[in-house]
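Read the structure below first, then the notes.
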Amino acid sequence: MNFFQKETETMPVSEIKKLQSEKLVRQVRHVYEHVEPYRRKMDELGVKPEDIRGIEDLPKLPFVTKNDLRDEYPKGFLAVPVKDCVRIHSTSGTTGRRVVAFYTQHDIDLWEECCARAIVAAGGSNEDVVQVAYGYGLFTGGSGLHGGSHKVGCLTLPMSSGNTDRQIQFMMDLGATFLCCTPSYAAYLGESLKERGISPDQNPLKAGIFGAEPWTEEMRRSIEESLGIKAYDIYGLTETSGPGVSFECCEQQGMHINEDHFIAEIIDPETGEVLPEGSRGELVFTSLDKEAFPLLRYRTRDICILSRKKCSCGRTFIRMTKPMGRSDDMLIIRGVNVFPSQIETVLLKEGYSPNYQIVVDRVNNNDTFDILVEMDEAMFGDTVSAITGREKSLMAAMRTMLGIGPAVHLVAPHSIQRSEGKAVRVIDKRKLVTDSQWLGK
Ligand code: ADP
Ligand code: ZN
């Protein structure tokens, strides 16, 4: 069995809870003393730090939302003097104005250890060569896995995203055994290797650690086949540090949350009520060890389920299911809830590639719903009537899955733009909010 920090990762649950309680009491005091907007929230609810004596008191604390962080941009939630910080990162801005997160050296070390746990859980050791093809820079993906790879002692290839020719050249020439990037970029690399006549068993990769965006089990299988690897999921968000908040072990039955550093709760997104283990709801995190940007009860807007069921890998940390989209990823089209992940599931089941785009608009007060799907070369060579037949059967499959029927358009191979980072799956013309609009508010 592979562990980076075995003693911690296999700690009895009662000890995890005791440790979390001790850390929570200390962290609440730190936040109350140093983060003015959070102190205000606690005062409004009439909660004092001494009311929090352990994790059972957590529900007494107020939530923090992404909008709270946006309102306090850039430094309102910073809990230490700037001179104690060594770095910032920022969210990808997928859903609006960016949030800036600060790190002390201690914060960086713990974050990198979390990423190291993920690499080792996926079978990595200091004999591996890790190709980091997540973006470097403000995005947390590149730096997080880079630091984790160093901690494991792997040879690290700091490729960043993009420049596919160079990615493939270095992968082959330096014998990369691990690939770390977004699942959509992994799929693109698989496609690019095939185009260059390199079969899955000719590349040196054995595993991949993919995250930062939602991806389905079907997408996992498709990546595993095209790259000839085992694909592992990793989850995280800038507000809690970055990737490595949770990661998959060899069992691949959900991601273990690093509970020595984070408390996870599931709440009803409508009422804020804490739901019992096994319920589907919004994931909420409390960071127990972060010094610079320690968020208490941060609402991720990611929807998932937690499970304390024993895992045969030996880890005792609670597991979360793959978040199959965020609550704000959900499209409401003609009154029906639609998640992009449902569309991806249908496409891959029906033998299409994960290259698609959803376009929603409003014409004469009615929602229009179109899905563009790429054909492969063989389909593209078909007769027009065969292509029309395929579109019809795909529309029927979509209607069965979603409850409403989109217009499906099969398009030429390579006509949908590939993403080097997070894929842009949805173009919702009904409510375009851009970064600059947020910043100009
Ligand atoms: P932004 O919120 O602007 O995208 P981040 O880059 O910090 O900023 O992204 C964090 C978000 O990415 C998470 O809240 C989650 O929605 C998504 N995410 C990260 N990892 C995964 C994963 N493995 N599966 C699904 N979604 C993920
Ligand atoms: Zn496990």
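Counting starts at 1 for both ligands and their atoms, following the listed order. Excluded from the calculations below are hydrogen atoms, water molecules and symmetry mates; all remaining heavy atoms, backbone and side chain alike, are included.
Per-residue contacts place Phe139 under 4.0 angstrom from the following atoms of ligand 1 (heavy atoms of the residue considered): 6 (O). Close approach of ligand 1 to Pro323 is summarised as follows: ligand atoms under 4.0 Å from at least one heavy atom of the residue are 24 (N), 25 (C), 26 (N). Atom numbering of ligand 1 starts at 1 in the shown order; those under 4.0 Å from a heavy atom of Asp302 are 13 (C), 14 (O), 15 (C), 16 (O). Near Gly211, meaning under 4.0 Å from any of its heavy atoms, are these atoms of ligand 1: 23 (N). Which parts of ligand 1 touch Asp233 is read off a 4.0 Å heavy-atom cut-off, strictly below it: atoms 22 (C), 23 (N). Interface of Thr238 with ligand 1, defined as ligand atoms under 4.0 Å from a residue heavy atom, comprises 5 (P), 6 (O), 7 (O). Those atoms of ligand 1 that come under 4.0 Å of a heavy atom in Ile234, given as number and element, are 20 (N), 22 (C), 23 (N).
Using a cut-off of 4.0 Å between Lys/Arg side-chain N and Asp/Glu carboxylate O, Glu112 and Lys151 are scored as salt-bridged. Note on Arg40 versus Glu36: salt bridge recorded, some NZ/NE/NH1/NH2 to OD/OE distance being below 4.0 Å. The pair Lys422-Glu213 does not meet the salt-bridge criterion, since no charged nitrogen lies less than 4.0 angstrom from a carboxylate oxygen. Contact check on Glu239 versus Arg299 returns no salt bridge, with no Lys/Arg side-chain nitrogen under 4.0 Å from an Asp/Glu carboxylate oxygen. Between Glu191 and Arg418, at least one side-chain N (NZ, or NE/NH1/NH2) sits under 4.0 Å from a carboxylate O, which counts as a salt bridge. One finds a salt bridge joining Glu217 and Arg220 here, because a Lys/Arg side-chain nitrogen approaches an Asp/Glu carboxylate oxygen to under 4.0 Å. The existence of a salt bridge linking Arg430 and Asp361 is excluded, since no basic side-chain nitrogen approaches an acidic carboxylate oxygen closer than 4.0 Å. A salt bridge does not link Asp367 with Arg334: every distance from a Lys NZ or Arg NE/NH1/NH2 to an Asp or Glu carboxylate oxygen is 4.0 Å or more.
Side-chain contact, Gln20 with His261: no donor N or O sits under 3.5 Å from an acceptor N or O. Residues Thr65 and Asn67 have side chains that never bring a donor and an acceptor to within less than 3.5 angstrom of each other.
For Arg301, the heavy-atom gap to ligand 1 stays at 4.0 angstrom or more.
When heavy-atom distances to ligand 1 are checked against a 4.0 Å cut-off, Lys422 comes that close only through its side chain, counted from C-beta outward.
Checking Glu213, Met320, Glu239 against atom 22 (C) of ligand 1, the nearest heavy atom belongs to Glu213. The residue from Ala212, Pro183, Gly141 that puts a heavy atom closest to atom 19 (C) of ligand 1 is Ala212.
Aromatic ring orientation, His89 versus Tyr103: perpendicular (interplanar angle above 60°, classes split at 30° and 60°).
Within a radius of less than 2.8 Å around the Zn ion (ligand 2), the protein N, O or S atoms are Cys249 SG, His256 NE2, Cys311 SG, Cys313 SG.
On a distance-only criterion, Phe210 and ligand 1 share no N/O pair closer than 3.5 Å.
Residues that satisfy the side-chain hydrogen bond (donor to acceptor under 3.5 Å, both in side chains) test with Gln167, not counting sequence neighbours, are Gln131.
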